[in-house]
Amino acid sequence: RLRRWQSRLRVSDAAERNLAFALSELDRITAQLKLPKHVEEEAARLYREAVRRGLIRGRSIESVIAACVYAACRLLKVPRTLDEISDISRVDKKEIGRSYRFIARNLNLTPKKLFVKPTDYVNKFADELGLSEKVRRKAVEILEEAYRKGLTSGKSPAGLVAAALYIASLLEGEKRTQREVAEVARVTEVTVRNRYKELVEKLGIKVPIA
Amino acid sequence: MVDTSKVKLRIENIVASVDLFAQLDLEKVIEICPNSKYNPEEFPGIICRFDDPKVALLIFSSGKLVVTGAKSVEDIERAVGKLVQMLKGIGVSFKRAPLIDIQNMVFSGDIGREFNLDTVALSLPNCEYEPEQFPGVIYRVKEPRAVILLFSSGKIVCSGAKSEHDAWEAVRKLLRELEKYGLLDEEEEEL
DNA sequence: GCTTTAAAAAGTAACGT
DNA sequence: ACGTTACTTTTTAAAGC
């Protein structure tokens, strides 16, 4: 009947409006974070799949879009912290984190697929700090040794990378302050200091008395 | 059989729902509860704390309760008995004996060895591990329904179980999975 | 979905000094 | 750079918004 036809039109209208809103929000985020096109496409793909599986129920479109952006970054190994995304999103970090974990569970995004090597974060943070290739290599060396010695489980990858870069910058004579590395890694100076202390102590690193 | 001889579990909290089978006038009840709080605008129940069985009670006008913070089922029974006596003192009558339902038990424990959580998360199916957000691996057991948080120290938290037996069963299932995927083989790892 | 309550694990954060 | 307090995660019921 005509009413059924109309309601179907209305439903598809609402779905289309929601999708248009979601994609414009996605555009805004990827543009502001200067994310590559393939990340935006992957996030859009994840979002459509989430909608298809009805995973949006009870969640805001914005939190799910932000979660999809974060998931796409992790899947494609484009290092980005959840903080950077929540900074430009209207929804808080906690809510984005929840949506992220929810879609990860339901779209079978395993920890393996989502794993981003600390090395990738080293390059991102080092770029922002203007650190040389020599410092980056040293930081990676420190992180690999820390991993071998079991010092990384359960710790914030961003905090570990920040501390490794801080130590490497001291060792290679390109010093950055704890405050500077903490800022690019989006962790507090206290976290950098705690990781720094443990790494220096347990890896037996002799830092210059700068 | 999985070796659980070195595994320890310790009860940390028990949550129970209780039906007293009586209607309560919370404005009168609050007068006889020393350490209590009642703001119907923010929460519909009275929040009351006992020192003897150290528990917290949420008291509702329907005569239903939620008792939390207990370390044993006996603590809950004693707390309910204590509240019933207090209510009898202000003339409340009960249609029958209180019905206590254990809803949730939380245990802390230790598996007795350390873990590389990256390795665990890579091979253990259906687990979550987001060290940027929480330091432990989250593992959900279907039957009995429970959730186990596993930390790199080997310490665990098991919540959602309705009995100590169920908690042990859930931990056994986690250990079987860890063993199945070679995660209990003497201290190895790589990436 | 939210509100309130308890509790542990280990990490990070935000105060004050 | 300390210390303290507080927040993250998980679970669970209650009555009402």
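All values below come from the heavy atoms of this structure, side chains included, with hydrogens, waters and symmetry mates left out. Each chain gets a letter, A, B and so on, in the order the sequences are listed, and its residues count up from 1. Everything quoted here is computed from the prediction, not taken from an experiment.
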(message) For a quick check of understanding: with a heavy-atom distance under 4.0 Å over all strands, which category does B:Ser61 fall into, base, sugar-phosphate or nothing?
(response) nothing
(message) Without decimals, in angstroms, what is the distance between A:Tyr196 OH and D:dC2 C1'?
(response) 17 Å
(message) Rounding to an integer number of Å, can you tell me how far B:Ile47 CD1 sits from D:dA13 P?
(response) 18 Å
(message) Using a heavy-atom cut-off of 4.0 Å across all strands, would you classify B:Gly45 as base, sugar-phosphate, or nothing?
(response) nothing
(message) Rounded to whole Å, please give me the gap between CG in B:Leu117 and C1' in C:dA10.
(response) 10 Å
(request) Look at all strands and tell whether B:Val147 reaches a base, only sugar-phosphate, or nothing, counting heavy atoms closer than 4.0 Å. (result) sugar-phosphate
(message) Expressed as a whole number of angstroms, how long is the span from A:Arg193:CZ to D:dG3:P?
(response) 13 Å
(request) Select base, sugar-phosphate, or nothing to describe what A:Lys93 touches, counting heavy atoms under 4.0 Å on all strands. (result) nothing
(request) Would you mind reading off the distance between B:Glu41 atom CD and D:dC17 atom P, rounded to a whole angstrom? (result) 10 Å
(message) Would you say A:Lys94 places a side-chain N or O within less than 4.0 Å of OP1 or OP2 belonging to D:dT8?
(response) yes
(message) Quick check, does B:Phe43 stack with C:dT3? I mean ring centres under 5.5 Å and planes off by under 30°.
(response) no
(message) Heavy-atom nearest nucleotide on DNA chain C for B:Phe60 versus B:Ser153: which residue maps closer to 5'?
(response) B:Phe60
(request) Mind checking B:Val18 for me? I need base, sugar-phosphate or nothing, with any heavy atom below 4.0 Å counting as a touch. (result) nothing
(request) State yes or no: are the ring centers of B:Phe94 and B:Phe21 separated by less than 6.0 Å? (result) no
(request) Provide, to the nearest angstrom, the distance between the CG atom belonging to B:Leu149 and the P atom belonging to C:dA8. (result) 14 Å
(request) Please confirm whether B:Phe151 and B:Phe134 have ring centers closer than 6.0 angstrom. (result) yes
(message) Does a side-chain N or O of B:Lys54 approach OP1 or OP2 of C:dA7 to a distance below 4.0 Å, or not?
(response) yes
(message) Need to verify one output field. Residue with the more 5' nearest nucleotide on DNA chain C, B:Glu42 or A:Arg186?
(response) B:Glu42
(request) Scan side-chain atoms only and decide if A:Asp83 and A:Thr81 contain a donor-acceptor pair under the 3.5 Å cut-off. (result) no
(request) Establish, with yes or no, whether the OP1 or OP2 oxygen of C:dA8 is under 4.0 angstrom from a side-chain nitrogen or oxygen of B:Arg10. (result) no
(request) Return no unless some side-chain N or O of B:Lys64 is found under 4.0 Å from OP1 or OP2 of D:dG16. (result) no
(request) Specify the separation, in whole Å, of atom OH of B:Tyr139 and atom P of D:dT9. (result) 22 Å
(message) Rounded to whole Å, please give me the gap between CG in B:Asp166 and P in D:dT10.
(response) 21 Å
(request) For B:Lys173 and B:Glu143, indicate whether the former's side chain and the latter's backbone hold a donor-acceptor pair under 3.5 Å. (result) yes
(request) Describe the nucleic acid contact of A:Arg98 in one word from base, sugar-phosphate, nothing, applying a heavy-atom distance below 4.0 Å. (result) sugar-phosphate
